[in-house]
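Please read the structure below before turning to the comments.
In this text the structure is predicted, and so the values were computed from the model without any measurement.
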Amino acid sequence: MSGALPVAVVGAGPAGLTAALTLARAGRRTIVFEAGEHVGGIARTETYKGYRFDIGGHRFFTKVPEVQALWEEWLGSEFELVSRLSRIFYDGHFYDYPLRLPNVVSNLGALESARIALSYAKARLAPIRPEESFEDWVTNRFGDRLYRAFFKTYTEKVWGIPCTEIRADWAAQRIRGLSLARAVRHAIFGGSGTTSLVEAFHYPRLGPGQMWERCTELVQQAGGQVELNARVEAIHHENGQATSIVVSRNGQTEGVPVSAVIASMPMPSLVRALAPSLPSAARDAAEGLRFRDFLIVVLILNRQHVFPDNWIYVHAPSVRVGRIQNFKNWSTALVPDPTRTSLGMEYFCNADDPIWSQPDSELIELAGRELEQVGLGPASAVEDGCVIRQPKAYPVYDAEYRVHVDTLQAALAQLSNVQTIGRNGMHRYNNQDHSMLTGLLAARNLLGEQHDLWTVNTERSYYEEQEVGRRRVS
């Protein structure tokens with residue numbers, strides 16, 4: 001093992017670390033190169049004055065037994081079961097989710113509820129064909145009236161483009177298995193085969209980063225290396241194989257010969273790093289892929305209790321905030337002072353939007369005002385806060401993305417020892433369990449098995465995540 005060329009794993013998120021641990025435990029020399037200063041990627045846990053918080057909430061729920069087994073092995077008793085409570089704020093009212101019929105009818109009124117039922121019946125009798133956009137997909141399953149009330153405004157707030165430009169396959173991946181009829185059946189009878197309606201989930205006691213910090217320890221114990229603040233600037237290849245990478249650390253660059261590359265970096269970054277360059281069609285496809293950026297404003301309130309939810313989706317167009325996390329309700333260990341509450345006010349934007357470059361103090365003030373505006377707490381209760389900006393948080397499924405991804409998949413297939421994994425590495429809105437599965441299977445491919453990573457998270461029977469509208473940012 002000591003004399004073999006290493007496998008370079010680019011990125012220390014869930015996909016990369018899972019791949020690295022699988023390889024290291026199999027005796028393969030493995031080095032993880034992470035450009036940032038933390039492991040976990042978007043599933044990391046940040047800290048501020050002892051307060052721990054997610055970059056977006058991360059439920060741990062899966063139908064993949066290999067992933068569930070790894071979670072339980074890594075954390076054991078530190079992997080806690082959490083009761084789920086989430087609601088939607090829309091038109092001045094809070095709606096329970098999963099749906100509760102008395103709550104829905106009380107908020108909407110009997111007349112509007114009847115109109116929604118008629119709209120749903122119309123959609124079932126005369127569905128939109130062909131089903132191309134997010135709007136088409138949701139309207140066919142919920143009716144136009146419910147789509148416009150609960151899906152359209154919020155989804156466009158999150159993605160920054162019209163729902164007619166978001167592809168139907170994003171909806172099929174993120175909210176498949178859920179329809180108005182099924183949600184109503186759940187509300188009346190309870191229980192559901194749809195995992196979006198689960199009412200409990202697992203969560204690391206110290207936040208999701210605890211899982212990836214533990215995985216990093218296990219990689220190192222198995223003989224692998226994890227290097228932080230190590231950016232892969234170039235991947236050299238010849239005769240259809242990657243031969244070496246160039247890594248930048250502290251302003252110094254170094255060439256590292258490699259036996260293979262497993263990359264979870266964004267596809268455009270991977271294509272730019274390849275030397276020699278891919279053909280122009282592939283380069284153009286890479287530059288055509290779009291991402292949505294994200295920032296979270298953490299507010300610390302001098303209140304012991306604020307609201308009981310794990311998170312609240314804010315559909316109201318009158319405020320910019322898209323979702324509000326209450327970290328104490330995920331785990332009390334995330335908040336060092338039981339007399340205080342920390343909230344994560346989440347804003348979806350692009351890095352060239354004015355809000356991205358606003359001073360932190362102004363963003364904290366904005367978040368406090370909007371917290372009060374939606375009736376969840378007075379701005380005067382905010383005594384401290386911080387801001388975390390996350391570029392390229394979510395791959396965008398716009399009208400052109402599928403053609404671009406297909407072009408890149410074909411081009412990258414010409415490099416026999418390079419595999420792309422994870423959310424950004426495949427430009428696919430995977431949850432962390434499916435990202436882990438791509439890393440696990442990529443590692444197994446290097447160990448002699450044969451798996452098509454592009455079939456992960458394409459089965460129509462599976463849907464891991466949540467809510468009406470965008471269904472979670474993890």
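Counting heavy atoms from C-beta on, the side chains of Phe327 and Thr45 never come closer than 4.5 Å. Side-chain contact between Ile166 and Trp137: absent, with no pair of heavy atoms (C-beta onward) separated by less than 4.5 Å. Two residues are said to be in side-chain contact when any heavy atoms from C-beta on lie closer than 4.5 Å; Val258 and Leu5 fail this criterion. The side-chain heavy atoms of Leu415 and Val261, taken from C-beta on, include no pair separated by under 4.5 Å. The side-chain heavy atoms of Arg389 and Asp293, taken from C-beta on, include no pair separated by under 4.5 Å. Within the 4.5 Å cutoff, side-chain heavy atoms of Val319 are placed close to those of Lys157. Under the 4.5 Å side-chain criterion, counting only non-hydrogen atoms from C-beta, Asp433 is in contact with Trp71. Inter-residue side-chain proximity for Val321 and Tyr347 is flagged as met; some heavy-atom pair is nearer than 4.5 Å.
Nearest approach of Arg205 to Gln210, heavy atoms of both residues: N-OE1, 3.3 Å. Between Leu75 and Pro204, the shortest heavy-atom contact is CD1-CB, 3.5 Å. Between Ala15 and Gly422, the shortest heavy-atom contact is CB-CA, 3.7 Å. Taking each heavy atom of Cys386 and Ile364 in turn, the nearest pair found is N-CD1, 3.9 Å. When all heavy atoms of Arg340 and Val335 are compared, the closest pair comes out as O-CG1, 3.5 Å. Considering every non-hydrogen atom in both Met345 and Ala367, the closest pair reads CE-O, 3.3 Å.
Between the side chain of Asn417 and the backbone N or O of Gln241 there is no donor-acceptor pair closer than 3.5 Å. Judged purely by atom type and a 3.5 angstrom limit, Thr30 uses its side chain to pair as donor or acceptor with the backbone of Arg28. In this structure, Gln358 contributes its side chain and Leu363 its backbone to no donor-acceptor pair below 3.5 Å. Between the side chain of Asn430 and the main chain of Ser435, no donor-acceptor pair closer than 3.5 Å is present. Listed for the Arg320 side chain is no donor-acceptor partner under 3.5 Å among the backbone atoms of Leu366. Judged by distance alone, the side chain of Asn329 and the main-chain N or O of Asp309 form a donor-acceptor pair under 3.5 Å. Checked by atom type and distance alone, the side chain of Asn250 never pairs as donor or acceptor with a backbone atom of Gln252 at under 3.5 Å. For Ser264 (side chain) and Thr420 (main-chain N/O), no donor-acceptor pair under 3.5 Å exists by modelled atom type. The closest donor-acceptor contact from the side chain of Arg428 to the backbone of Val456 lies under 3.5 Å. Looking only at distances, a side-chain donor or acceptor of Arg52 sits under 3.5 Å from a matching main-chain atom of Leu206.
Aromatic rings of Phe150 and Tyr90 (six-membered ring for Trp) have centroids within the 6.0 Å cut-off, being under it. Ring centers of Phe79 and Phe60: under 6.0 Å apart, within the cut-off. Here the two rings, on Tyr154 and Tyr313, have centers that are under 6.0 Å apart.
With sequence neighbours excluded, no residue forms a salt bridge (charged side-chain N to carboxylate O under 4.0 Å, His left out) with Arg292. Residues satisfying the salt bridge (charged side-chain N to carboxylate O under 4.0 Å, His left out) test with Glu370, not counting sequence neighbours, are none. By the ring pair (Phe, Tyr, Trp, His ring centres under 6.0 Å) test, Phe307 pairs with no residue at all, sequence neighbours left out.
Separating the CZ atom in Arg167 from the CZ atom in Arg402 is a distance of 12.5 Å, to the nearest 0.5 Å. Interatomic distance, CG of Leu412 versus CE of Met267, reported as 5.5 Å (0.5 Å rounding). Put simply, CG on Leu440 and CG on Leu23 are 9.5 Å apart, with the number rounded to the nearest 0.5 Å. Distance CZ/Phe348 to CZ/Arg323: 6.0 Å, rounded to 0.5 Å. Note that the NE2 atom of His434 and the NZ atom of Lys63 stand 10.0 Å from one another [nearest 0.5 Å]. Rounding to the nearest 0.5 Å places CE of Met211 at 9.5 Å from NE2 of His202.
Relative orientation of the Tyr394 and Trp159 rings is perpendicular, given thresholds of 30° and 60° on the angle between their planes. Ring geometry for Trp311 versus Phe201: interplanar angle of 30 to 60°, hence tilted. In this structure, Trp170 and Phe134 have tilted ring planes: the angle between them lies in the 30° to 60° band.
Residue His305 places its NE2 atom among 12 or fewer non-hydrogen atoms of other residues, nucleotides or ligands, all under 6.0 Å distant. Atom CZ of Arg303 is surrounded by more than 12 heavy atoms from other residues, nucleotides or ligands within 6.0 Å.
Donor-acceptor pairing under 3.5 Å is lacking for the side chains of Tyr51 and Asp384. Asp54 and Gln325 are not linked by any side-chain donor-acceptor pair at a separation below 3.5 angstrom, with hydrogens and angles left out of the test.
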For this session: Start with the C-alpha gap between Asp337 and Lys328, add the side-chain angles, then the distance that decides, and say whether salt bridge (charged side-chain N to carboxylate O under 4.0 Å, His left out) holds.
Result: CA-CA 10 Å; Asp337 184 344; Lys328 179 185 284 187; over 6 Å; no
For this session: Output, in order, the C-alpha distance, side-chain angles, deciding distance and verdict of side chain to side chain contact (heavy atoms under 4.5 Å, CB included) for Trp454 and Met426.
Result: CA-CA 8 Å; Trp454 293 93; Met426 304 176 77; 3.6 Å; yes
Exercise. Given the rule in the side chain to side chain contact (heavy atoms under 4.5 Å, CB included) test, do Tyr203 and Leu334 qualify, once you have shown the distances and angles that lead to the verdict?
Worked result: CA-CA 12 Å; Tyr203 188 77; Leu334 301 184; 3.6 Å; yes
Problem set entry | Residue pair Met436, Glu66: steps toward the side chain to side chain contact (heavy atoms under 4.5 Å, CB included) verdict | CA-CA 10 Å; Met436 288 177 65; Glu66 300 100 319; over 6 Å; no
Problem set entry | Test side chain to side chain contact (heavy atoms under 4.5 Å, CB included) applied to Leu289 and Leu408, step by step | CA-CA 10 Å; Leu289 293 177; Leu408 291 168; 3.7 Å; yes
Problem set entry | Chi angles and distances behind the salt bridge (charged side-chain N to carboxylate O under 4.0 Å, His left out) call for Arg25, Glu73 | CA-CA 14 Å; Arg25 283 180 166 176; Glu73 175 209 337; 2.7 Å; yes
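Between Glu217 and Arg214, at least one side-chain N (NZ, or NE/NH1/NH2) sits under 4.0 Å from a carboxylate O, which counts as a salt bridge.
Just one residue in the list His451, Gln419, Gln450 forms a side-chain hydrogen bond (donor to acceptor under 3.5 Å, both in side chains) with Asn445, and that residue is Gln419.
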